[in-house]
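We name chains A, B, ... by the order of the sequence lines, and we start the count at 1 in each one.
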Number of protein chains: 2
Amino acid sequence: MLLSKSCEYGLRAALHLASVAPGTYVPIRDVSTALGIPYHFLAKIAQAMIQQKILASTRGPHGGVRLARAADQITLNAIVLALDGPAIFEECVLGLPGCGTQQPCPLHDQWAPARERVRAMFVETTLDELATRIQTQGFRLADLTSTP
Amino acid sequence: MLLSKSCEYGLRAALHLASVAPGTYVPIRDVSTALGIPYHFLAKIAQAMIQQKILASTRGPHGGVRLARAADQITLNAIVLALDGPAIFEECVLGLPGCGTQQPCPLHDQWAPARERVRAMFVETTLDELATRIQTQGFRLADLTSTP
DNA sequence: TTGATTTAAGATAAACGAGTCTTAAATTGA
DNA sequence: TCAATTTAAGACTCGTTTATCTTAAATCAA
Ligand code: SF4
Ligand code: SF4
């Protein structure tokens, strides 16, 4: 698994917020239900995203979470960095420490560009772009095979 | 982490065998020492690789493990499949089940080719190629910063 | 045959990630 | 003010991965 469960859930939640009701507060419970993500787990992930300024929140009735910035100002990379850190884009595919061109492992020439391509995907994609696709083309953010 | 620790260790062990003494049995203890991999853990990984016909072994003095085939007949992909299974090349980046072009998630168009490139790296690279690089260019398979 | 060497196998333990639960604090509206 | 709602925070449980330990079985050489 490339990303941790926390990160997958965080990305899906952010995409949901970007696509359903930009700018309005949505209760974490609603997001949890819509996406099939365990509520308490998502609440903890949301806390981290709030501390990292990806999301903003208010408590009480009509409270919830929303994107902290416009959806076209938030890249997938920002969310991945906030939840999983930079390690996945710096790690050696063989798990060797001290990754870098100084001390390369024999797979470096193939791995470094492949890894960079994955990184570019996250860096160059904004929530806005994907939210548009979800709205106009009906792409999914949840498991459609279970209890619709 | 893309690959499990077991898979990283298995790849490094196989590369070590391909580069130091092709065709001869090397005790797991020696591999463990050379690469800095916990002995008992590596022994268990070696067992799995033997059952998957990646390695062959004999017991007793002068025993050990060696590659089951010529190094140019073993791809990195064979080892990854044996130890981690095909999941990493089939999974959705958002963790959604039922990956496929029928039910795509909004990241599919970017993720599928990036994932395919990583897979191609494993499929197209043989132990032999990397062993040559290790021998001729001195690439590393171990953590050079600890107890040399 | 005997003893040293080495893999085979499985039990056990530690570390981590994933998920659950409880309580507190803030906000809103009646 | 009071009760309902919702996030905030942290303790707790569970399962998998990672790692260690123990014993058995095979092989070889003296
Ligand atoms: S060599 Fe390439 S893959 Fe190996 S550690 Fe350095 S950068 Fe990472
Ligand atoms: S859409 Fe693309 S990424 Fe998402 S599940 Fe299907 S193949 Fe995987």
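Looking at heavy-atom distances under 4.0 Å, Glu8(B) makes no contact with the nucleic acid at all. Counting any heavy atom pair closer than 4.0 Å across all strands shown, Tyr9(B) reaches sugar-phosphate atoms only and no base atom. His40(B) comes within 4.0 angstrom of a nucleotide base, judged by non-hydrogen atoms across all strands.
The aromatic rings of Phe89(A) and Phe122(A) are tilted relative to each other, their planes meeting at an angle between 30° and 60°.
Whole-Å rounding puts the Leu42(A) CG to dC21(C) P distance at 16 Å. Distance CD1 (Ile28(A)) to C1' (dG19(C)): 15 Å, rounded to an integer number of Å. One atom, CD of Gln47(B), and another, P of dA8(C), lie 6 Å apart when rounded to the nearest Å. The distance between atom NE2 of His62(B) and atom C1' of dA30(D), rounded to the nearest whole Å, is 11 Å. The interatomic distance linking Arg29(B) (CZ) with dA4(C) (C1') rounds to 15 Å, in whole Å. The interatomic distance linking Ile50(A) (CD1) with dA26(C) (C1') rounds to 13 Å, in whole Å. If you measure from atom CG of Leu83(B) to atom P of dT18(D), you get 11 Å, rounded to the nearest angstrom. Atom CZ in Phe41(B) sits about 17 Å away from atom P in dA9(C), given to the nearest Å.
In this structure, the nucleotide among dA19(D), dT5(D), dT7(D) sitting nearest to the side chain of Pro27(A) is dT7(D).
Hydrophobic clustering (ILVMFWY, side-chain heavy atoms < 4.5 Å, transitive): Leu35(B) and Leu17(B) are in one cluster. Hydrophobic clustering, with ILVMFWY side chains joined whenever heavy atoms are under 4.5 angstrom apart, keeps Val123(A) apart from Leu94(B).
Within the 4.5 Å cutoff, the side chain of Val93(B) has no heavy atoms near those of the Gln110(B) side chain. A heavy-atom distance below 4.5 Å is found between the side chains of Leu107(A) and Leu76(B).
Residues from residues 63-70 of chain B lying near DNA chain D, meaning a heavy-atom separation below 4.0 Å, are absent.
Using modelled atom types, one side-chain atom of Trp111(A) and one backbone atom of Glu91(A) make a donor-acceptor pair closer than 3.5 Å.
With hydrogens and angles ignored, a donor-acceptor pair closer than 3.5 Å exists between the side chain of Arg59(B) and the base of dT7(C).
Proximity of Gln51(B) to the phosphate of dA8(C): no side-chain N or O atom is located under 4.0 Å from OP1 or OP2.
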